[in-house]
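This report refers to the structure that appears directly beneath it.
Bear in mind that the values here come from a model prediction, so they are computed numbers and not experimental data. Letters A, B, ... mirror the listed sequences (proteins, then strands); counts begin at 1.
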Amino acid sequence: MDTIEPVAYDPTAVEAKWQRTWAERGTNQVDIAGAVRPFYSLMMFPYPSAEGLHVGNLFAFTGSDISARYHRLLGYNVFQPLGYDAFGIHSENYALKIGAHPMELTPKNVGNFQRQLERAGLMVDWRYKLDTSQRDYYRWTQWVFLQLHKQGLAYKKAAAVNWCPSCKTVLANEQVEGGACERCGTIVEQRFLEQWFFRIGDYAERLLRNLDTLDWSEVTKSAQRNWIGRSEGAELTFRIAERDEAVSVFTTRPDTIFGATYLVLAPEHPLVDSITTDAYRDGVRAYQEQTVKQDLVSRKSVAQKTGVFTGALAVNPATGNNVPVWIADYVLMEYGTGAIMAVPGHDERDFEFAHTLATTFEQHCKLGIDAVIKRVVAGDGHDADSTLDEAYVANTNSDRLVNSAQFDGMSVGDAKQAVIAWLASNEHAKPVVNYRLHDWCVSRQRYWGPPIPIVYCDACGTVPVPEDQLPVELPFIPDFKPDDSGVSPLARHAEWYNVACPSCGGEARRETDVSDTFLDSAWYFLRYPSARRDDVAFDRETTSRWLPVNSYIGGNEHAVLHLLYSRFVTMALHDGGHVPFEEPFTRFRAHGLIIRDGAKMSKTKGNVINPDEYVTEWGADSFRLYLMFLGPYQDGGDFRSQGISGVRRFLDRLWGSVRDARREGDADPDVLRKLHQVIRKVGEDLAVLAYNTAIAAMMEYMNVLRRAERVAHIDEVQPLVQLVAPFAPHLAEECWAELGHSASIFDSGWPVWDAALAEETTVEIAVQVNGKTRGRVLVAPDATQDEVVAAAMGEPSIAKFVTGEPKRIIFVKGRLLNLIV
RNA sequence: GCGCUCGUGGCGAAAUUGGUAGACGCGCAAGCCUUAGGAGCUUGUAGGGCAACCUGUCCCGGUUCGAGUCCGGGCGAGCGCACCA
């Protein structure tokens with residue numbers, strides 16, 4: 001008997017052969033200028049670490065590659081480029097660690113990555129490879145900086161910034177995790193330095209609003225919404241008693257104004273000096289110094305609240321009462337107005353502060369705790385006079401105001417508006433929206449990045465480097481190690497930074513900071529299609545043809561860094577008239593993480609898998625298939641090397657059935673039916689990145705072929721080879737050639753499923769009695785209720801549960817029959 | 001604390017969106033083939049019961065002829081944000 005035997009094929013030979021053939025034939029090359037149906041498939045480019053490619057990279061790339069190959073088979077001209085995010089602190093730190101120079105080390109790492117990636121069988125057009133550390137790339141990164149500068153979106157200011165004492169550089173807020181450097185884990189300090197910033201804050205509202213229009217993973221969108229942190233509220237003005245000064249506070253709860261019993265300013269608030277009374281001046285000064293020195297972690301940690309009284313009193317515009325003005329470290333200068341009205345009755349932090357400093361309130365402000373903590377909202381089952389053991393944070397429409405004069409009885413929601421309107425008549429209030437998103441600090445006091453293209457001239461001031469003088473080349477300097485001075489190592493090289501002013505020709509000095517790595521990656525997708533052009537950053541026509549990106553796949557760890565910066569830069573370039581769209585990525589999907597033994601793979605945990613050994617032992621195709629079969633692509637999965645044998649067995653069986661397939665007689669209609677169902681299923685799954693179930697469906701079909709216990713007909717296997725092609729491209733090509741085709745399978749088109757052929761001749765109907773499944777009957781797909789009932793009652797195992805006439809019958813055609821007795 | 005995503009066999013997971021729970025694969029068990037096999041093939045594999053059957057998708061309620069799926073409440077996990085007023 002001729003059954004389908006698996007035939008172990010030799011992946012090493014097959015994969016080498018096809019990679020060679022693809023290169024010779026230019027199979028993966030796309031006609032950028034002439035594409036009729038362009039489809040831009042983008043994957044997040046890797047940072048070329050010295051350890052080389054790891055499984056997580058390959059998991060991400062494979063998922064994108066499958067989607068790209070599928071679209072190619074559907075007839076699109078697919079452009080799938082890949083490159084290297086080679087600049088940046090991670091590369092530089094590693095070079096420092098092993099005593100190498102990044103300018104020498106990086107090309108080596110890139111070379112190693114390239115070798116590994118080429119083995120993976122990705123459909124990448126390598127002619128468009130880019131490397132952010134090469135001058136023909138960073139030249140245009142500097143150009144992007146200049147465009148933003150031209151538009152007034154880049155500015156320099158002295159600011160409290162996050163300083164990593166280990167990396168010896170400033171970090172963006174997004175690069176600080178829990179008060180520590182995301183790169184090395186060192187506790188971040190606060191420093192005051194002159195820094196370049198981008199006005200991403202000005203774009204907060206657009207960045208937030210546009211999210212609703214994007215087809216992105218929900219996790220990513222919600223992370224961005226969170227990070228942008230919009231909150232609606234009001235700025236309320238409190239006059240300082242007996243002085244011609246006023247303090248603005250930001251609050252989201254203007255309805256609680258009657259409960260505002262003191263004010264708190266950030267210690268560095270500009271008004272502190274002038275309102276502080278002489279008696280309290282020393283205490284205030286001491287407290288300010290202490291806070292400013294403090295690093296940002298303890299400043300923002302949940303330690304016990306501290307603060308001092310300034311001696312000043314402000315007038316609550318609602319009650320007319322005098323309220324004491326304090327400074328405290330729990331109020332942050334960078335948010336809102338840097339000042340708050342404290343409502344201890346209805347805000348946990350204010351409550352805690354009032355309690356912690358109750359004695360001081362008594363001593364200096366002559367205020368007892370009961371006078372400080374006032375209830376102005378009721379509804380938690382307590383009335384207007386009940387005491388508060390903790391802050392009552394009302395937030396519903398059912399809660400009502402109390403102790404609030406004419407607003408008593410009004411709902412919290414209504415009162416928010418009403419109070420603003422009332423105070424606004426005396427210019428004490430205006431509605432305001434605040435965002436947590438702060439401007440993006442792009443300066444880095446490091447070496448391994450693009451020098452910021454700015455020159456300082458005594459006569460002309462800050463002068464942008466003219467575009468025709470780009471790039472400002474990063475010089476090779478042996479002493480690239482950062483120091484504690486707060487300036488870049490480039491600042492030690494007068495021969496480099498001393499330069500003639502581009503404007504007046506006089507003596508001038510280059511900016512010695514380099515830009516953040518995230519600027520490199522915030523526009524790389526614009527560069528790819530134009531990567532072979534050396535006269536423009538990105539060609540106008542090419543860009544409008546290929547962008548926005550049709551499919552972007554990457555890790556969600558970049559949800560608020562890279563993805564937000566990319567959106568901002570694109571929006572800014574749009575406003576500058578450089579690109580015709582605001583949003584760079586039409587569709588983004590976050591892939592899951594590959595974990596091992598319940599932990600994310602990382603070098604420090606020692607659970608990193610090197611894909612090389614698996615590719616060598618099992619073949620790239622098996623490894624790709626295995627990674628995609630672990631679980632839902634967007635969930636990731638736990639890497640256990642055992643499972644790979646199953647997918648390899650599947651490929652062996654496929655190869656065996658293709659090799660033995662004949663064209664004799666007719667294909668089996670039962671097999672063809674299943675085949676067309678699978679074609680449909682795989683297509684649907686590929687469209688939504690459901691790779692695991694697509695593979696399962698193909699395996700199921702393979703089992704059908706095997707159970708037929710005969711050599712397969714060519715028509716039964718040939719479409720399966722096409723379905724497998726996106727997943728296992730090398731073997732699919734080999735099978736395709738074995739089936740007698742000379743052109744690439746990727747130009748063969750995607751099989752079309754035929755609804756008539758896919759239709760079942762009989763269906764199994766579940767028969768329930770009183771909702772419990774009691775059996776199943778085989779009937780024609782269009783069988784009527786009466787026919788199915790008759791069939792069901794013919795089954796003794798079902799009929800025995802039915803006594804008398806059913807009271808009710810629920811019938812779902814082709815699916816289910818439920819008899820209620 | 002806030003936001004998001006989840007909770008199904010020994011394990012990774014399916015389930016046409018309210019309609020046969022556990023597809024597919026791993027692992028395991030028995031058998032075949034073999035000098036041998038971490039090879040291949042066949043069969044079985046949610047739990048309980050000799051059986052007819054009973055129980056079963058984190059827990060408690062609800063809606064429904066019917067709930068893994070929908071609603072309310074609770075418990076738990078992962079990720080993100082967090083003294084942001």
Can you tell me the base-pairing partner of [N]? Count Watson-Crick or G-U wobble geometry only, both distances below 3.5 Å, and say none if there is no partner.
N	value
B:C50	none
B:A21	none
B:G78	B:C4
B:U69	none

Of the listed nucleotides ([options]), which one gets closest to any side-chain atom of [X]?
X	options	result
A:S222	B:U20, B:G3, B:C26	B:G3
A:E764	B:U20, B:A85, B:G80	B:U20
A:E700	B:C24, B:C65, B:A85	B:C24
A:T252	B:A15, B:A85, B:C24	B:A85

Distance, rounded to the nearest Å, where [X] contributes [atom1] and [N] contributes [atom2]:
X	N	atom1	atom2	value
A:L437	B:C81	CG	C1'	13 Å
A:E348	B:A82	CD	C1'	12 Å
A:I257	B:A85	CD1	C1'	13 Å
A:N556	B:C81	CG	P	11 Å
A:Y262	B:A85	OH	P	16 Å
A:R707	B:A23	CZ	C1'	12 Å
A:K772	B:G66	NZ	C1'	12 Å
A:R436	B:G1	CZ	P	17 Å

Legend entry - Distance below 4.0 Å between A:R648 side-chain N/O and B:A39 OP1 or OP2: no
Inset, instruction - Verify the contact: side-chain N or O of A:R774 to OP1 or OP2 of B:C54, cut-off strictly under 4.0 Å; return yes or no. - result: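 So the side-chain polar atoms of A:R774 do come within 4.0 Å of the phosphate oxygens OP1 or OP2 of B:C54, strictly under.
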For the side chain of [X] and the base of [N], is some donor closer than 3.5 Å to an acceptor across the two?
X	N	result
A:N818	B:C65	yes
A:R815	B:U20	no
A:K221	B:C4	no

If you look at every strand shown and take non-hydrogen atoms under 4.0 Å, does [X] touch a base, only sugar-phosphate, or nothing?
X	value
A:Q768	base
A:L630	sugar-phosphate
A:N692	sugar-phosphate
A:V812	base
A:N703	sugar-phosphate

When the [atom1] atoms of [M] and [N] are compared, how many Å lie between them, rounded to an integer?
N	M	atom1	answer
B:C26	B:A39	P	11 Å
B:U43	B:G49	P	27 Å
B:A46	B:G27	C1'	15 Å
B:A13	B:G18	C1'	22 Å
B:U17	B:U64	P	23 Å
B:G9	B:C28	C1'	13 Å
B:C59	B:C79	C1'	24 Å
B:A14	B:U8	P	11 Å

Legend entry - Pairwise side-chain contact, A:W216 with A:Q224, heavy-atom cut-off 4.5 Å (strictly under): yes
Legend entry - Non-hydrogen side-chain atoms of A:R673 and A:E759 separated by less than 4.5 Å: no
Cationic tip of [X] above [Y] ring, under 6.0 Å, 45° of axis:
X	Y	answer
A:R375	A:F258	no
A:K305	A:F353	no
A:R680	A:W753	yes

Legend entry - Toward the 5' end of RNA chain B, by each residue's nearest nucleotide, A:T693 or A:A766: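 Its nearest nucleotide being more 5', the pick is A:T693.
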Legend entry - Aromatic centroids of A:Y633 and A:F59 separated by under 6.0 Å: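 Ring-ring flag for A:F59/A:Y633: true, centres closer than 6.0 Å.
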Legend entry - Centroid separation A:Y614 to A:F639 less than 6.0 Å: yes
